[in-house]
Amino acid sequence: MTILTRLSRDNATLTIDVVGRFDYRVHAEFRRAYEAVSPTPERVVVDLAQTDFIDSSALGMLLLLRQHCGGDDTCVTLVNAKPAVARVLGVAAFPQMFQVA
Amino acid sequence: MARVATVTVRAQRKRASGRWSLELAGRELRHAEPVSACMRALAAVPGLVENRAALRLVITELWTNALEHGVLRCNSSLKCSPAGFEAYYDQRRRRLQRLAAGWIRIRLAWNSRSGRGALAIEVEDSGRGFRRGWRARAVAPFGRGIALVEAHSDSLSYSRGGRRARATFLWR
């Protein structure tokens, strides 16, 4: 399992853990993780604590998630990125489009 | 069979240099995972350990571009929606399954001396090439690969009409 999900008790926050490499191989699994939740949660947290690698295809997946959640800068939070992953997010200007914590 | 050639690896007390190349053609491209092979080839290069994450990213992005756009000619604009994103990777899978021609060559060449070093990564494909200069809109879910390579390497250049990419790393 590479993509794990948890829903908060009030169903308002969906947390998605990405374990290992975040690249095109997990695209279908990642999409299912948020599309399977109905109604769309108010907040989605993507926990990158166990993400060892991220590439441009995964950046696309995160932007599609952002679109799915309404497309503003506050609905998706990216947390716990390791330095190499945070560097990629920074290069792509993601701190301006997501909450990064 | 894929052709792997380690042309030279020389190591003296404070100097090391080497070359490594991999060429994959036609059906060999269907299940190829060359990034890990490159990382293994570079594992013993002194001074590169701290650059491993950036290195893996650069090789991944250059390989992805060579395969998906050079050889398979997949259409990135499909990626604009979740359904389109899947359609893109379906297209990639179907074209890979049918692939009979086309090739990608990866060449690595490095030199290091007293803790300083340089590495060149070249990825060349049999595709039609492309013109640089196009940039993704901020929120478009595709088009960031080249910008990531530029930010994670010391230089990136293209030759042969975009068919050959060359990224370099310097360390000290």
Quiz item: What part of E86(B) lies closer than 4.5 angstrom to a heavy atom of chain A: side chain, backbone, both or neither?
Solution: both

Self-check item: More than 12 heavy atoms from other groups under 6.0 Å of CZ on R93(B)
Solution: yes

Quiz item: Would a 4.5 Å heavy-atom cut-off, applied to side chains only, mark D55(A) and L148(B) as touching?
Solution: no

Exercise. Flag yes if V44(A) and V37(A) sit in one hydrophobic cluster, no otherwise; membership is Ile, Leu, Val, Met, Phe, Trp, Tyr, and two members link when side-chain heavy atoms are under 4.5 Å apart.
Key: yes

Practice problem: Indicate, with yes or no, if V85(A) and F22(A) share a hydrophobic cluster defined by side-chain heavy-atom contacts under 4.5 Å among Ile, Leu, Val, Met, Phe, Trp and Tyr. | Solution: yes

Exercise. Would you kindly confirm whether M97(A) and V18(A) end up in one hydrophobic cluster when ILVMFWY residues are joined by side chain heavy atoms under 4.5 Å apart?
Key: yes

Self-check item: Best-contacting candidate, R66(A), E35(A), M61(A), H27(A), against chain B by heavy atom pairs under 4.5 angstrom
Solution: H27(A)

Exercise. Check whether more than 12 heavy atoms from other residues, nucleotides or ligands sit under 6.0 Å from atom CZ of R172(B), and answer yes or no.
Key: no

Practice problem: Give the minimum heavy-atom separation between S57(A) and F85(B), together with the two atoms involved. | Solution: O-CZ, 3.5 Å

Quiz item: Does the side chain of F53(A) reach to within under 4.5 Å of the side chain of T60(B), using non-hydrogen atoms?
Solution: yes

Practice problem: Go through the atoms of I54(A) and report whether side chain, backbone, both or neither lie under 4.5 Å from a heavy atom of chain B. | Solution: backbone

Quiz item: Does one hydrophobic cluster hold both L7(A) and F30(A), with members joined at side-chain heavy-atom distances below 4.5 Å?
Solution: yes

Quiz prompt | Shortest non-hydrogen separation from S36(B) to R21(A) and the atoms involved | solution = OG-NH1, 4.2 Å

Quiz item: At a heavy-atom separation under 4.5 Å, does F98(A) approach chain B through its side chain, its backbone, both, or neither?
Solution: neither

Quiz item: Which distance, rounded to the nearest 0.5 Å, do you find between the NE2 of H68(A) and the OG of S81(B)?
Solution: 12.5 Å

Exercise. Enter the distance from L59(A):CG to F142(B):CZ here, rounded to the nearest 0.5 Å.
Key: 13.5 Å

Quiz item: Is the CZ atom of R164(B) crowded by more than 12 outside heavy atoms at less than 6.0 Å?
Solution: yes

Quiz prompt | Joint cluster assignment, F94(A) & L48(A), ILVMFWY side-chain distance < 4.5 Å | solution = yes

Quiz item: Where does V91(A) contact chain B at under 4.5 Å (heavy atoms): side chain, backbone, both or neither?
Solution: side chain

Quiz item: With only heavy atoms counted, which part of R92(B) is less than 4.5 Å from chain A, the side chain, the backbone, both or neither?
Solution: side chain

Quiz item: If you draw a 6.0 Å radius around CZ in R113(B), do more than 12 non-hydrogen atoms from other residues or ligands fall strictly inside?
Solution: no

Quiz item: Hey, does L57(B) have a side-chain heavy atom less than 4.5 Å from the side chain of V88(A)?
Solution: yes

Quiz item: Is it the backbone or the side chain of A93(A) that comes under 4.5 Å from a heavy atom of chain B, or both, or neither?
Solution: neither

Quiz item: Hey, does the side chain of R144(B) reach the backbone of G60(A) with a donor-acceptor pair shorter than 3.5 angstrom?
Solution: no

